[in-house]
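To start, the structure under review is shown below, and the notes come after it.
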Number of protein chains: 2
Amino acid sequence: MEKQYNLSKNQKIILNLIVKSTEPLKAYSILYNVQKKGIKAPLQVYRALDKLVEIGKIHKIESRNAFIACQNSSCQISKATAFSICESCEKVSEISNSKLSKYLSNFTDEAGMKYNKYNLEFFGLCKKCKTS
Amino acid sequence: MEKQYNLSKNQKIILNLIVKSTEPLKAYSILYNVQKKGIKAPLQVYRALDKLVEIGKIHKIESRNAFIACQNSSCQISKATAFSICESCEKVSEISNSKLSKYLSNFTDEAGMKYNKYNLEFFGLCKKCKTS
DNA sequence: CTTATAAATGTTATATTATTACATAATGTT
DNA sequence: AACATTATGTAATAATATAACATTTATAAG
Ligand SMILES: [Zn+2]
Ligand SMILES: [Zn+2]
Ligand SMILES: [Zn+2]
Ligand SMILES: [Zn+2]
(Lines give C-alpha, C1' and ligand atoms only; values in the text may rest on other atoms or scores of the structure.)
(Ligands and ions follow the chains in the order given, each with its own letter.)
Protein backbone atom coordinates (compact mmCIF):
# COMPACT_ATOMS: atom_id res chain seq x y z
CA MET A 1 0.00 0.00 0.00
CA GLU A 2 1.18 3.48 -0.77
CA LYS A 3 1.38 6.55 1.35
CA GLN A 4 -1.71 8.62 1.84
CA TYR A 5 -0.31 11.43 3.92
CA ASN A 6 -2.01 14.17 2.05
CA LEU A 7 -5.36 12.55 1.68
CA SER A 8 -8.20 13.84 3.80
CA LYS A 9 -10.45 11.69 5.92
CA ASN A 10 -13.17 11.23 3.32
CA GLN A 11 -10.66 10.70 0.57
CA LYS A 12 -8.96 7.93 2.55
CA ILE A 13 -12.22 6.20 3.37
CA ILE A 14 -13.32 6.21 -0.23
CA LEU A 15 -9.95 5.26 -1.67
CA ASN A 16 -9.69 2.32 0.70
CA LEU A 17 -13.08 1.07 -0.37
CA ILE A 18 -12.20 1.32 -4.05
CA VAL A 19 -8.79 -0.30 -3.57
CA LYS A 20 -10.34 -3.27 -1.79
CA SER A 21 -13.01 -3.77 -4.42
CA THR A 22 -12.54 -6.38 -7.09
CA GLU A 23 -14.78 -4.50 -9.47
CA PRO A 24 -15.36 -0.89 -10.51
CA LEU A 25 -17.58 0.92 -8.04
CA LYS A 26 -20.30 3.40 -8.83
CA ALA A 27 -20.68 6.60 -6.89
CA TYR A 28 -23.93 5.70 -5.17
CA SER A 29 -22.71 2.24 -4.36
CA ILE A 30 -19.74 3.89 -2.70
CA LEU A 31 -22.06 6.21 -0.84
CA TYR A 32 -24.08 3.29 0.44
CA ASN A 33 -20.92 1.53 1.61
CA VAL A 34 -19.45 4.46 3.51
CA GLN A 35 -22.55 5.69 5.26
CA LYS A 36 -21.56 3.78 8.37
CA LYS A 37 -18.38 5.88 8.36
CA GLY A 38 -20.34 9.11 8.46
CA ILE A 39 -20.38 10.10 4.82
CA LYS A 40 -23.99 10.96 4.19
CA ALA A 41 -24.34 12.90 0.97
CA PRO A 42 -23.56 12.26 -2.71
CA LEU A 43 -21.53 15.42 -2.90
CA GLN A 44 -19.12 14.18 -0.28
CA VAL A 45 -18.48 11.14 -2.43
CA TYR A 46 -18.18 13.05 -5.69
CA ARG A 47 -15.77 15.53 -4.18
CA ALA A 48 -13.49 12.80 -2.93
CA LEU A 49 -13.75 10.98 -6.25
CA ASP A 50 -12.84 14.14 -8.16
CA LYS A 51 -9.77 14.63 -6.07
CA LEU A 52 -8.69 11.00 -6.28
CA VAL A 53 -9.09 11.04 -10.04
CA GLU A 54 -7.15 14.30 -10.23
CA ILE A 55 -4.15 12.88 -8.38
CA GLY A 56 -4.28 9.60 -10.27
CA LYS A 57 -5.17 7.28 -7.38
CA ILE A 58 -8.29 6.14 -9.16
CA HIS A 59 -9.65 6.29 -12.68
CA LYS A 60 -13.13 6.71 -14.00
CA ILE A 61 -14.34 4.11 -16.46
CA GLU A 62 -16.34 6.50 -18.59
CA SER A 63 -18.45 3.94 -20.38
CA ARG A 64 -19.57 2.52 -17.05
CA ASN A 65 -19.71 5.58 -14.80
CA ALA A 66 -17.62 3.66 -12.34
CA PHE A 67 -14.29 4.01 -10.58
CA ILE A 68 -11.34 1.69 -10.08
CA ALA A 69 -8.09 2.06 -8.23
CA CYS A 70 -5.04 2.76 -10.34
CA GLN A 71 -3.28 -0.53 -10.92
CA ASN A 72 -0.23 1.08 -12.40
CA SER A 73 2.10 2.43 -9.75
CA SER A 74 3.79 4.76 -12.20
CA CYS A 75 0.54 6.39 -13.20
CA GLN A 76 0.80 9.35 -10.84
CA ILE A 77 -1.29 11.74 -12.79
CA SER A 78 -3.84 10.07 -14.93
CA LYS A 79 -3.33 11.61 -18.29
CA ALA A 80 -2.86 8.42 -20.21
CA THR A 81 -5.21 5.63 -19.33
CA ALA A 82 -6.19 2.40 -21.03
CA PHE A 83 -8.56 -0.27 -19.87
CA SER A 84 -9.75 -3.70 -20.81
CA ILE A 85 -13.44 -4.27 -20.25
CA CYS A 86 -15.21 -7.61 -20.48
CA GLU A 87 -18.60 -7.14 -22.08
CA SER A 88 -19.93 -10.26 -20.43
CA CYS A 89 -18.82 -10.19 -16.77
CA GLU A 90 -17.86 -6.49 -16.69
CA LYS A 91 -14.41 -7.24 -15.35
CA VAL A 92 -12.16 -4.23 -15.86
CA SER A 93 -8.36 -4.14 -15.86
CA GLU A 94 -6.00 -1.29 -16.37
CA ILE A 95 -3.62 -1.87 -19.24
CA SER A 96 -0.01 -0.89 -18.63
CA ASN A 97 1.75 -1.32 -21.88
CA SER A 98 4.61 1.05 -22.51
CA LYS A 99 4.52 0.61 -26.27
CA LEU A 100 0.85 1.46 -26.35
CA SER A 101 1.22 4.46 -24.10
CA LYS A 102 4.19 5.75 -26.06
CA TYR A 103 2.33 5.29 -29.29
CA LEU A 104 -0.71 7.18 -28.05
CA SER A 105 1.19 9.88 -26.21
CA ASN A 106 3.10 10.66 -29.38
CA PHE A 107 0.12 10.44 -31.65
CA THR A 108 -0.31 13.41 -33.95
CA ASP A 109 -3.47 13.81 -35.94
CA GLU A 110 -3.89 14.80 -39.60
CA ALA A 111 -3.85 18.47 -38.61
CA GLY A 112 -0.62 18.12 -36.68
CA MET A 113 -2.32 18.40 -33.34
CA LYS A 114 -0.85 16.62 -30.33
CA TYR A 115 -2.75 15.77 -27.20
CA ASN A 116 -1.81 15.99 -23.57
CA LYS A 117 -4.25 13.38 -22.40
CA TYR A 118 -6.17 10.35 -23.58
CA ASN A 119 -8.45 7.63 -22.36
CA LEU A 120 -8.82 4.32 -24.16
CA GLU A 121 -11.34 1.61 -23.42
CA PHE A 122 -11.04 -1.80 -25.06
CA PHE A 123 -14.02 -4.14 -25.10
CA GLY A 124 -14.09 -7.89 -25.53
CA LEU A 125 -14.45 -11.12 -23.63
CA CYS A 126 -12.10 -11.96 -20.81
CA LYS A 127 -10.43 -15.37 -20.62
CA LYS A 128 -13.05 -16.81 -18.32
CA CYS A 129 -15.98 -15.62 -20.38
CA LYS A 130 -14.43 -16.70 -23.65
CA THR A 131 -14.03 -20.32 -22.57
CA SER A 132 -17.35 -20.71 -20.81
CA MET B 1 -25.85 12.37 -47.42
CA GLU B 2 -26.29 8.63 -47.14
CA LYS B 3 -29.31 6.45 -47.49
CA GLN B 4 -31.69 6.17 -44.60
CA TYR B 5 -34.14 3.66 -45.99
CA ASN B 6 -34.33 1.55 -42.92
CA LEU B 7 -34.52 4.30 -40.38
CA SER B 8 -37.81 4.92 -38.67
CA LYS B 9 -39.48 8.29 -38.34
CA ASN B 10 -38.02 9.15 -34.95
CA GLN B 11 -34.63 7.85 -35.92
CA LYS B 12 -34.58 10.07 -39.01
CA ILE B 13 -35.67 13.14 -37.09
CA ILE B 14 -33.00 12.67 -34.49
CA LEU B 15 -30.25 11.72 -36.90
CA ASN B 16 -30.96 14.79 -39.02
CA LEU B 17 -30.69 17.01 -35.98
CA ILE B 18 -27.38 15.48 -34.95
CA VAL B 19 -25.96 15.60 -38.46
CA LYS B 20 -26.77 19.30 -38.75
CA SER B 21 -25.26 20.15 -35.41
CA THR B 22 -21.77 21.57 -35.24
CA GLU B 23 -21.27 20.23 -31.74
CA PRO B 24 -22.07 17.05 -29.83
CA LEU B 25 -25.66 17.03 -28.64
CA LYS B 26 -26.94 15.79 -25.32
CA ALA B 27 -30.03 13.67 -25.07
CA TYR B 28 -32.22 16.22 -23.34
CA SER B 29 -31.05 18.96 -25.67
CA ILE B 30 -32.13 16.71 -28.53
CA LEU B 31 -35.44 16.14 -26.82
CA TYR B 32 -36.00 19.86 -26.49
CA ASN B 33 -35.20 20.39 -30.16
CA VAL B 34 -37.51 17.72 -31.53
CA GLN B 35 -40.54 18.38 -29.39
CA LYS B 36 -42.02 20.45 -32.20
CA LYS B 37 -41.81 17.30 -34.31
CA GLY B 38 -43.90 15.32 -31.87
CA ILE B 39 -41.25 13.54 -29.87
CA LYS B 40 -42.29 14.13 -26.30
CA ALA B 41 -40.49 11.75 -23.99
CA PRO B 42 -36.86 11.02 -23.12
CA LEU B 43 -37.33 7.38 -23.91
CA GLN B 44 -38.21 8.13 -27.50
CA VAL B 45 -34.91 9.95 -27.82
CA TYR B 46 -32.85 7.31 -26.05
CA ARG B 47 -34.34 4.54 -28.12
CA ALA B 48 -33.47 6.31 -31.34
CA LEU B 49 -30.01 7.13 -30.07
CA ASP B 50 -29.40 3.51 -29.10
CA LYS B 51 -30.32 2.33 -32.55
CA LEU B 52 -28.29 5.01 -34.31
CA VAL B 53 -25.25 4.16 -32.22
CA GLU B 54 -25.76 0.47 -32.89
CA ILE B 55 -25.74 0.95 -36.66
CA GLY B 56 -22.84 3.38 -36.55
CA LYS B 57 -24.63 6.50 -37.75
CA ILE B 58 -23.72 8.33 -34.60
CA HIS B 59 -21.26 7.87 -31.76
CA LYS B 60 -21.49 8.60 -28.08
CA ILE B 61 -18.75 10.74 -26.60
CA GLU B 62 -18.59 8.92 -23.31
CA SER B 63 -16.76 11.57 -21.35
CA ARG B 64 -19.37 14.14 -22.34
CA ASN B 65 -22.57 12.09 -22.46
CA ALA B 66 -23.16 13.54 -25.87
CA PHE B 67 -23.66 12.32 -29.41
CA ILE B 68 -22.13 13.26 -32.74
CA ALA B 69 -22.76 12.06 -36.27
CA CYS B 70 -20.22 9.65 -37.67
CA GLN B 71 -17.78 11.65 -39.74
CA ASN B 72 -16.15 8.60 -41.21
CA SER B 73 -18.14 7.15 -44.07
CA SER B 74 -16.44 3.79 -43.75
CA CYS B 75 -17.37 3.45 -40.10
CA GLN B 76 -20.51 1.38 -40.67
CA ILE B 77 -20.57 -0.34 -37.36
CA SER B 78 -18.92 1.61 -34.67
CA LYS B 79 -16.50 -0.82 -33.14
CA ALA B 80 -13.42 1.29 -33.47
CA THR B 81 -13.84 4.92 -32.60
CA ALA B 82 -11.40 7.71 -31.83
CA PHE B 83 -12.10 11.32 -31.05
CA SER B 84 -10.30 14.57 -30.50
CA ILE B 85 -11.81 16.73 -27.77
CA CYS B 86 -10.85 20.31 -27.05
CA GLU B 87 -10.83 20.87 -23.32
CA SER B 88 -11.41 24.57 -23.77
CA CYS B 89 -14.17 25.00 -26.37
CA GLU B 90 -15.40 21.39 -26.28
CA LYS B 91 -15.07 20.98 -30.02
CA VAL B 92 -15.09 17.28 -30.90
CA SER B 93 -13.86 15.64 -34.09
CA GLU B 94 -13.79 12.04 -35.11
CA ILE B 95 -10.32 10.85 -35.94
CA SER B 96 -9.99 8.68 -39.03
CA ASN B 97 -6.44 7.51 -39.11
CA SER B 98 -5.90 4.11 -40.64
CA LYS B 99 -2.55 3.57 -38.93
CA LEU B 100 -4.10 4.30 -35.56
CA SER B 101 -7.10 2.10 -36.15
CA LYS B 102 -4.95 -0.74 -37.41
CA TYR B 103 -2.66 -0.42 -34.44
CA LEU B 104 -5.51 -0.51 -31.98
CA SER B 105 -7.54 -3.18 -33.74
CA ASN B 106 -4.51 -5.45 -33.70
CA PHE B 107 -3.51 -4.63 -30.17
CA THR B 108 -2.94 -7.65 -27.98
CA ASP B 109 -2.49 -7.24 -24.27
CA GLU B 110 0.05 -8.89 -21.96
CA ALA B 111 -2.25 -11.87 -21.51
CA GLY B 112 -2.65 -12.35 -25.24
CA MET B 113 -6.17 -11.05 -25.29
CA LYS B 114 -7.50 -9.31 -28.38
CA TYR B 115 -10.46 -7.00 -28.44
CA ASN B 116 -13.32 -6.63 -30.85
CA LYS B 117 -14.06 -3.05 -30.00
CA TYR B 118 -12.49 0.08 -28.61
CA ASN B 119 -13.17 3.71 -27.94
CA LEU B 120 -10.43 6.29 -27.65
CA GLU B 121 -10.79 9.89 -26.56
CA PHE B 122 -7.91 12.33 -26.93
CA PHE B 123 -7.94 15.59 -25.01
CA GLY B 124 -6.09 18.79 -25.72
CA LEU B 125 -6.49 22.25 -27.15
CA CYS B 126 -7.73 22.76 -30.67
CA LYS B 127 -5.93 25.11 -33.04
CA LYS B 128 -8.20 28.03 -32.27
CA CYS B 129 -7.92 27.66 -28.53
CA LYS B 130 -4.18 27.13 -28.59
CA THR B 131 -3.49 30.41 -30.34
CA SER B 132 -5.94 32.56 -28.45
C1' DC C 1 1.26 32.07 17.55
C1' DT C 2 -1.59 34.78 14.75
C1' DT C 3 -3.24 35.99 10.34
C1' DA C 4 -4.15 34.77 5.71
C1' DT C 5 -5.15 31.43 2.23
C1' DA C 6 -6.43 27.27 0.36
C1' DA C 7 -8.61 22.89 0.79
C1' DA C 8 -12.04 20.06 2.66
C1' DT C 9 -16.47 19.30 4.95
C1' DG C 10 -21.56 19.25 5.98
C1' DT C 11 -26.10 19.96 4.40
C1' DT C 12 -30.09 20.85 1.55
C1' DA C 13 -31.93 21.15 -2.65
C1' DT C 14 -31.95 20.46 -7.43
C1' DA C 15 -30.32 19.35 -12.13
C1' DT C 16 -29.10 15.99 -15.48
C1' DT C 17 -28.92 11.51 -17.49
C1' DA C 18 -31.11 7.12 -18.25
C1' DT C 19 -34.29 3.08 -17.54
C1' DT C 20 -38.59 0.15 -16.20
C1' DA C 21 -43.01 -1.18 -17.26
C1' DC C 22 -46.83 -1.68 -20.02
C1' DA C 23 -49.95 -0.89 -23.91
C1' DT C 24 -50.23 -0.13 -28.86
C1' DA C 25 -48.91 0.36 -33.73
C1' DA C 26 -46.12 -0.29 -37.76
C1' DT C 27 -43.13 -3.20 -40.53
C1' DG C 28 -41.19 -7.30 -42.53
C1' DT C 29 -41.47 -12.42 -43.50
C1' DT C 30 -43.55 -16.75 -44.48
C1' DA D 1 -53.52 -13.85 -43.24
C1' DA D 2 -50.57 -15.13 -39.51
C1' DC D 3 -46.52 -14.48 -37.19
C1' DA D 4 -42.49 -12.30 -35.59
C1' DT D 5 -39.81 -8.26 -35.13
C1' DT D 6 -39.18 -3.58 -34.57
C1' DA D 7 -40.75 0.83 -33.30
C1' DT D 8 -43.90 3.96 -30.81
C1' DG D 9 -46.45 6.39 -26.96
C1' DT D 10 -46.89 7.41 -22.20
C1' DA D 11 -46.18 7.65 -17.28
C1' DA D 12 -43.42 6.90 -13.63
C1' DT D 13 -39.10 6.39 -11.54
C1' DA D 14 -34.12 5.28 -11.07
C1' DA D 15 -29.40 6.61 -11.39
C1' DT D 16 -25.87 10.00 -11.90
C1' DA D 17 -24.12 14.53 -10.88
C1' DT D 18 -23.94 19.53 -9.52
C1' DA D 19 -25.27 24.28 -7.35
C1' DA D 20 -25.31 27.08 -3.43
C1' DC D 21 -24.06 28.32 1.00
C1' DA D 22 -22.24 27.99 5.70
C1' DT D 23 -18.56 26.06 8.42
C1' DT D 24 -14.29 23.73 9.61
C1' DT D 25 -9.63 22.05 9.04
C1' DA D 26 -5.04 22.16 7.12
C1' DT D 27 -0.98 24.79 5.20
C1' DA D 28 1.87 28.61 4.72
C1' DA D 29 3.62 33.13 5.85
C1' DG D 30 4.68 36.88 8.67
ZN1 LIG E 1 -3.50 4.15 -13.53
ZN1 LIG F 1 -15.63 -11.79 -18.44
ZN1 LIG G 1 -17.56 6.99 -37.11
ZN1 LIG H 1 -10.99 24.66 -28.71
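Every chain is numbered from 1, with letters handed out A, B, ... down the list of sequences.
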*According to the interplanar angle, ranging from 0 to 90°, do the rings of A/Phe122 and B/Tyr118 count as parallel (below 30°), tilted (30 to 60°) or perpendicular (above 60°)?*
perpendicular
Without decimals, in angstroms, what is the distance between [X] [atom1] and [N] [atom2]?
X       : N      : atom1 : atom2 : result
B/Lys37 : D/dT8  : NZ    : P     : 15 Å
B/Leu31 : D/dT8  : CG    : P     : 14 Å
B/Ile13 : D/dT8  : CD1   : C1'   : 12 Å
A/Leu7  : D/dT27 : CG    : C1'   : 16 Å
B/Leu25 : C/dT17 : CG    : C1'   : 15 Å
A/Ile39 : C/dT9  : CD1   : P     : 8 Å
B/Leu52 : D/dT6  : CG    : C1'   : 14 Å
B/Gln35 : D/dT8  : CD    : P     : 16 Å

*With side chain to side chain donor-acceptor pair (under 3.5 Å) as the test, would you mind laying out the steps for B/Glu110 and A/Asn97 before giving the verdict?*
CA-CA 8 Å; B/Glu110 283 13 63; A/Asn97 181 301; 3.3 Å; yes
Check this one for me: any side-chain N or O of [X] less than 4.0 Å away from OP1 or OP2 of [N]?
X       : N      : value
B/Lys40 : D/dG9  : no
B/Gln44 : D/dT8  : no
B/Asn6  : D/dT6  : no
B/Lys9  : D/dG9  : yes
A/Ser8  : D/dA26 : no

*asked:* Would you say B/Glu121 and B/Ser63 are linked by a side-chain donor-acceptor pair, where the criterion is simply a distance under 3.5 Å?
replied: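 Side chains of B/Ser63 and B/Glu121: pair found under 3.5 Å.
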Please produce a list of atom pairs where a protein N or O lies less than 3.5 Å from an N or O of nucleotides 13-17 of chain D.
from	atom 1	to	atom 2	distance (Å)
D/dT16	OP1	A/Lys26	NZ	2.5
D/dA17	OP1	A/Lys60	NZ	2.7
D/dA17	OP1	A/Asn65	OD1	3.4
D/dA17	OP2	A/Tyr46	OH	3.2
D/dA17	N7	A/Tyr28	OH	2.8
D/dA17	N6	A/Tyr28	OH	3.1

*Partner residues of B/Lys117 under the salt bridge (charged side-chain N to carboxylate O under 4.0 Å, His left out) criterion, sequence neighbours left out*: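 Counting only residues at least two positions away or on another chain, B/Lys117 forms a salt bridge (charged side-chain N to carboxylate O under 4.0 Å, His left out) with A/Glu87.
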Would the distance check show the side chain of [X] and the main-chain N or O of [Y] forming a donor-acceptor pair, the cut-off being under 3.5 Å?
X        : Y        : result
A/Gln44  : A/Ile39  : no
B/Ser105 : B/Lys102 : no
B/Glu54  : B/Lys51  : no

*Report yes if the distance between the aromatic ring centroids of A/Phe83 and A/His59 is under 6.0 Å, otherwise no.*
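Yes, ring centres under 6.0 Å apart.
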Taking the minimum atom-to-atom distance to the side chain of [X], which one of [options] wins?
X       : options               : value
A/Leu43 : D/dA20, C/dT9, D/dT8  : D/dA20
B/Gln11 : C/dT11, D/dT8, D/dT10 : D/dT8
A/Lys51 : C/dG10, C/dA8, D/dT10 : C/dA8

_Nucleic acid contacts of residues 82-92 of chain B, taken as heavy-atom distances under 4.0 Å to DNA chain C_ =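 The stretch gives none, as no residue of it lies under 4.0 Å from the strand.
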*For B/Lys127, look at atom NZ and say whether over 12 heavy atoms of other residues, nucleotides or ligands are found less than 6.0 Å away.*
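No, the 6.0 Å shell around NZ holds no more than 12 heavy atoms from other groups.
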*Indicate yes or no: does B/Arg64 engage B/Glu90 in a salt bridge with an N to O separation below 4.0 Å.*
yes
